[in-house]
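Notes follow the structure.
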2 protein chains.
Amino acid sequence: MENPLDTGLRDFIGYNLRRASNAVMSDAARVLEPLGLRVTTFSALSVICDTPDVTQSHLAATLNMERSNTVLIIDALEQAGLIGRHRMESDRRSYALRATLKGIQTRKEAVAALASHEDRLFAQLDAAERAQLVLLLRRIEIPE
Amino acid sequence: MENPLDTGLRDFIGYNLRRASNAVMSDAARVLEPLGLRVTTFSALSVICDTPDVTQSHLAATLNMERSNTVLIIDALEQAGLIGRHRMESDRRSYALRATLKGIQTRKEAVAALASHEDRLFAQLDAAERAQLVLLLRRIEIPE
DNA sequence: TAAAGTAGTTATGGATCATAGCAATAAGCG
DNA sequence: CGCTTATTGCTATGATCCATAACTACTTTA
């Protein structure tokens with residue numbers, strides 16, 4: 001009992017992209033939830049772990065979000081004890097964001113959880129195909 | 001001046017999927033706006049054009065959305081004169097949705113606009129690579 | 001030193017999405 | 001037939017997400 005009412009839409013790459021992205025994101029959210037993370041907070045935590053003393057503006061630019069929207073995300077990570085805001089001497093406007101030990105540990109657990117989540121969702125694709133998919137995705141023109 | 005602060009995230013297919021999907025969707029929205037369509041209303045219109053007398057429930061199932069959320073979308077399409085709700089004699093609970101001539105024409109223009117939008121965004125990929133991308137995306141396990 | 005720019009923040013509104021519950025109608029079953 | 005259950009479309013509502021504007025503190029530029 002297939003349901004190919006969307007055959008006309010399936011020709012658009014964007015339609016398939018959105019479907020896949022929605023499915024993967026909602027499953028990722030489900031997997032991260034027990035760790036107290038959402039997709040966006042995980043992304044921020046991950047960048048902060050890999051880039052000690054990054055600023056909120058720099059983080060926002062990296063993750064393609066508005067500076068204003070980083071505030072609540074950073075608040076959540078800070079209140080969970082996963083990162084800290086540290087004043088910079090060189091520029092007292094910015095905060096230097098640093099992950100705590102707990103933050104690094106939580107990030108590690110999240111990465112493991114997400115890895116098995118992706119193994120499940122992309123079970124139909126072998127390693128070469130997954131790599132191919134990532135390469136294709138990264139070659140898409142991002143406007144601005 | 002690259003900005004590879006997200007190197008740890010780039011390994012996740014989901015991260016690349018979301019980035020690509022967001023970029024493509026916002027550009028698609030921009031392209032559809034002059035036609036008075038949003039991405040979701042275009043998707044619904046497209047299915048209705050290809051499936052005369054489809055019901056709202058069937059449409060919702062096809063597009064992976066809740067029945068309740070189709071109502072406003074169908075309202076918008078109907079008020080724009082692109083589709084009509086028709087009572088079914090066989091089942092007086094459901095509406096049979098049918099595109100009007102204007103709806104069919106608008107859908108055609110939207111498809112053309114989206115085709116050139118995809119040509120622009122996926123300029124880095126040749127036809128074979130685009131087909132490959134679609135095939136990979138469609139092989140992803142969609143839970144439920 | 002005055003003007004312009006930047007970092008973080010607050011407030012706010014729009015768009016999207018999921019849930020619960022309703023009335024009308026249909027289907028299943030005694 | 002009558003009663004229960006299920007389904008369709010709909011309303012209302014709340015959560016989340018995302019973008020914009022405006023504010024302060026601070027820095028840079030002229």
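Per chain, numbering begins at 1; letters A, B, ... match sequence-line order.
- Taking NE2 from A:His86 and OG from A:Ser94, the interatomic distance works out to 14.0 Å, rounded to the nearest 0.5 Å.
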Which atom pairs link the protein and nucleotides 25-30 of chain D when you take only N or O atoms and keep those under 3.5 Å?
from, atom 1, to, atom 2, distance (Å)
D:dT27, OP1, A:Arg92, N, 3.2

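- Checking A:Arg87 against A:Tyr95 by side-chain atom types alone, a donor-acceptor pair falls below 3.5 Å.
- For the pair A:Leu97 and A:Asn22, nearest-nucleotide mapping onto DNA chain C gives the more 5' position to A:Leu97.
- Separating the CG atom of A:Asn64 from the C1' atom of D:dA19 is a distance of 13 Å, rounded to the nearest angstrom.
- Each of B:Arg18 and B:Val71 was assigned the nucleotide of DNA chain D with the nearest heavy atom; the assignment lying further toward the 5' end belongs to B:Val71.
- For the pair B:Met65 CE and D:dC10 P, the interatomic distance rounds to 14 Å; values are reported in whole Å.
- Within the 4.0 angstrom heavy-atom criterion, only backbone atoms of the sugar-phosphate kind lie near B:Ser94; the bases stay farther away.
- Interatomic distance, OG1 of A:Thr70 versus CG of A:Leu59, reported as 6.5 Å (0.5 Å rounding).
- Heavy-atom minimum distance, B:Asp27 versus B:Leu121: OD2-CD1, 3.0 Å.
- A 4.0 Å heavy-atom criterion places the boundary nucleotides of DNA chain C facing chain B at C:dT16 to C:dA26, written 5' to 3'.
- Nucleic acid contact class of B:Glu66 (heavy atoms, under 4.0 Å, all strands): base.
- Counting non-hydrogen atoms under 4.0 angstrom, A:Arg85 reaches the backbone sugars and phosphates but no base.
- Atom CG of A:Leu133 is separated from atom CG of B:Asn16 by 8.0 Å, given to the nearest 0.5 angstrom.
- Across the protein-nucleic acid pair, B:Arg30 atom CZ and D:dA19 atom C1' stand 17 Å apart, rounded to whole Å.
- Side chain to side chain, A:Ser21 and B:Arg18 fail the donor-acceptor criterion of an N or O pair below 3.5 Å.
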Notebook entry, point to check: Is there a salt bridge (charged side-chain N to carboxylate O under 4.0 Å, His left out) between A:Arg130 and A:Asp119 once you walk through the steps?
Noted result: CA-CA 10 Å; A:Arg130 296 186 203 186; A:Asp119 273 340; 2.8 Å; yes
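- Remark: P of D:dG9 and CG of B:Leu72 are 14 Å apart, rounded to the nearest angstrom.
- Within 4.0 Å (heavy atoms only), A:Thr55 reaches sugar-phosphate atoms of the nucleic acid but no base atom.
- The side chain of B:Ser57 contributes an N or O atom lying less than 4.0 Å from OP1 or OP2 of D:dG9.
- Rounded to whole Å, atom P of D:dG9 lies 14 Å from atom CG of B:Asn69.
- At whole-Å resolution of the value, CE in B:Met88 and P in D:dT7 are 16 Å apart.
- Computed from coordinates, the A:Arg67 CZ to D:dA22 P distance equals 14 Å when rounded to whole Å.
- No salt bridge links A:Arg38 with A:Glu33; every basic N to acidic carboxylate O contact stays at or beyond 4.0 Å.
- Atom CD of A:Gln124 has more than 12 heavy atoms from other residues, nucleotides or ligands within 6.0 Å.
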